[in-house]
Amino acid sequence: MPLDLNSDLGEGFGAWTMGDDAAMLDIVTSANIACGFHAGDPVIMRRTCALAVEKGVRIGAHVGYRDPAGFGRRAIVMDPSELRDETLYQIGALDAFARAAGDRVRYVKPHGALYHSAGRDRRYADAVIAALAEYDPRLALLGPAGSRLEDAAVARGVRFVGEGFADRGYSPAGALAPRGTPGAVLHANEAVAQAVSIALTGGVRAVEGGEVKVVAQSICVHGDTPSAVEMARRIRVSLVDAGVPVESFA
């Protein structure tokens with residue numbers, strides 16, 4: 001089956017930049033573009049959307065907690081209605097720039113701590129899905145299979161797309177290993193092998209040993225991972241060599 005290759009992009013702010021977005025957009029099929037809360041600003045959002053459209057890459061709203069200082073990787077306790085509204089705000093902001101570039105936002109993917117919080121807590125999952133459905137029920141939700149996010153999407157009739165990670169290690173429970181722990185961030189050779197394993201077998205080897213099931217229609221390579229562009233290029237070539245077509249789900 002075809003497999004999408006996505007990356008988190010547009011994650012700079014002002015004069016500060018992260019990763020080589022232009023080069024990554026030559027490789028991936030879907031771009032999760034920061035919406036100004038964990039990273040990104042109007043200039044960067046416009047530029048990244050324009051580049052994505054130019055290169056034929058699908059645009060996704062990479063929504064997160066309003067935490068630029070923590071890069072959206074710190075969990076924040078919020079009223080679900082507030083999270084819904086902040087998520088709706090982010091989707092709409094990015095969609096304005098996507099439409100100015102000649103396309104539209106096609107899907108939503110939570111970022112960082114929100115990805116994990118909404119994956120575990122149905123209240124937060126429902127808030128994200130409510131914002132998505134209120135804005136445009138045609139949008140898909142990209143996230144971890146078997147999570148509360150998938151449950152919430154299915155309950156609301158929203159298309160859910162399972163995601164796997166090439167460059168992150170998995171715990172025996174099937175979650176991403178916390179950053180900073182041994183094996184949490186994979187090097188290029190490991191990431192290539194893990195991407196191919198997800199595509200061909202639907203599973204990976206956990207950081208502490210044993211096999212973990214990963215149901216994925218899309219594989220992520222983080223834009224801020226060292227040598228991310230070369231890693232993504234090798235992953236795409238390896239997938240094609242293994243007989244796996246690489247194309248966007250959206």
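Not measured: the values here are computed from a predicted model. Atoms considered below: every heavy atom in the structure, side chains included; atoms not considered: hydrogens, waters and symmetry mates.
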[X] vs [Y] side-chain heavy atoms within contact, under 4.5 Å:
X	Y	result
Arg168	His222	yes
Phe13	Pro68	no
Asp41	Ile44	yes
Arg179	Arg73	yes
Leu139	Val158	no
Leu176	Phe165	yes
Tyr65	His38	no
Thr181	Pro178	yes

- Report the C-alpha distance between Leu94 and Cys49 in whole Å, list the side-chain angles of each, state the deciding distance to 0.1 Å, and finish with yes or no for side-chain contact (heavy atoms from CB on, under 4.5 Å). CA-CA 8 Å; Leu94 187 70; Cys49 284; 3.7 Å; yes
At what distance, to the nearest 0.5 angstrom, does [atom1] of [X] lie from [atom2] of [Y]?
X	Y	atom1	atom2	answer
Ile27	Arg234	CD1	CZ	12.0 Å
Thr87	Glu82	OG1	CD	10.0 Å
Ile235	Leu239	CD1	CG	7.0 Å
His62	Ile33	NE2	CD1	10.5 Å
Lys109	Leu132	NZ	CG	15.0 Å
Met45	Ile59	CE	CD1	10.5 Å

Is there a path of hydrophobic side-chain contacts, each under 4.5 Å between heavy atoms, that joins [X] and [Y]?
X	Y	answer
Leu142	Leu5	no
Val246	Met1	no
Val28	Val240	yes
Tyr135	Phe160	yes
Phe37	Tyr115	no

Electrostatic pair [X]-[Y], nearest N-O below 4.0 angstrom:
X	Y	answer
Arg99	Asp95	yes
Asp126	Arg123	no
Asp26	Arg233	no

- Task: Mind checking ring-ring contact (aromatic ring centres under 6.0 Å, His included) for Phe97 and listing every partner two or more places apart, or none if nothing turns up?
- Result: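 So Phe97 forms no ring-ring contact (aromatic ring centres under 6.0 Å, His included) with any residue.
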Nearest atoms (heavy-atom pairs only) where [X] meets [Y]:
X	Y	result
Ala206	Val212	CB-CG2, 3.6 Å
Val192	Ser238	CG1-OG, 3.3 Å
Leu149	Pro110	CD1-CG, 4.1 Å
Glu163	Ala216	C-CB, 3.8 Å
Ala228	Gly223	CB-O, 3.8 Å
Ala101	Val53	O-CG1, 3.3 Å

- Task: Give me the one residue out of Asp20, Val229, Leu51 that meets side chain to side chain contact (heavy atoms under 4.5 Å, CB included) with Leu25.
- Result: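 Single pass found, and it is Leu51.
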- Task: Check step by step if side-chain contact (heavy atoms from CB on, under 4.5 Å) holds for Leu83 and Asp79.
- Result: CA-CA 6 Å; Leu83 176 60; Asp79 184 285; over 6 Å; no
- CA sep, side-chain torsions, deciding dist, call: Arg58, Asn6, side-chain hydrogen bond (donor to acceptor under 3.5 Å, both in side chains): CA-CA 9 Å; Arg58 296 304 197 192; Asn6 77 76; over 6 Å; no
Side chain [X], main chain [Y], donor-acceptor under 3.5 Å:
X	Y	answer
Gln90	Gly64	yes
Ser171	Ala177	no
Thr201	Gly203	yes

- Crowded around Glu134 CD? As in, over 12 foreign heavy atoms under 6.0 Å?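 More than 12 heavy atoms, drawn from other residues, nucleotides or ligands, come within 6.0 Å of this atom.
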- Task: Kindly check if the number of other-residue, nucleotide or ligand heavy atoms within 6.0 Å of CZ (Arg104) is above 12?
- Result: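 Result for CZ/Arg104: enclosed.
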- Item | Audit row: Glu190, Asp167, side-chain contact (heavy atoms from CB on, under 4.5 Å) steps and yes/no | CA-CA 8 Å; Glu190 298 168 317; Asp167 52 6; over 6 Å; no
- Item | CA sep, side-chain torsions, deciding dist, call: Val77, Tyr124, side-chain contact (heavy atoms from CB on, under 4.5 Å) | CA-CA 10 Å; Val77 177; Tyr124 288 180; 4.1 Å; yes
- Item | CA sep, side-chain torsions, deciding dist, call: Asp4, Ser218, side-chain hydrogen bond (donor to acceptor under 3.5 Å, both in side chains) | CA-CA 4 Å; Asp4 174 67; Ser218 181; 2.5 Å; yes
- His111/Phe71 aromatic ring centres below 6.0 Å: yes
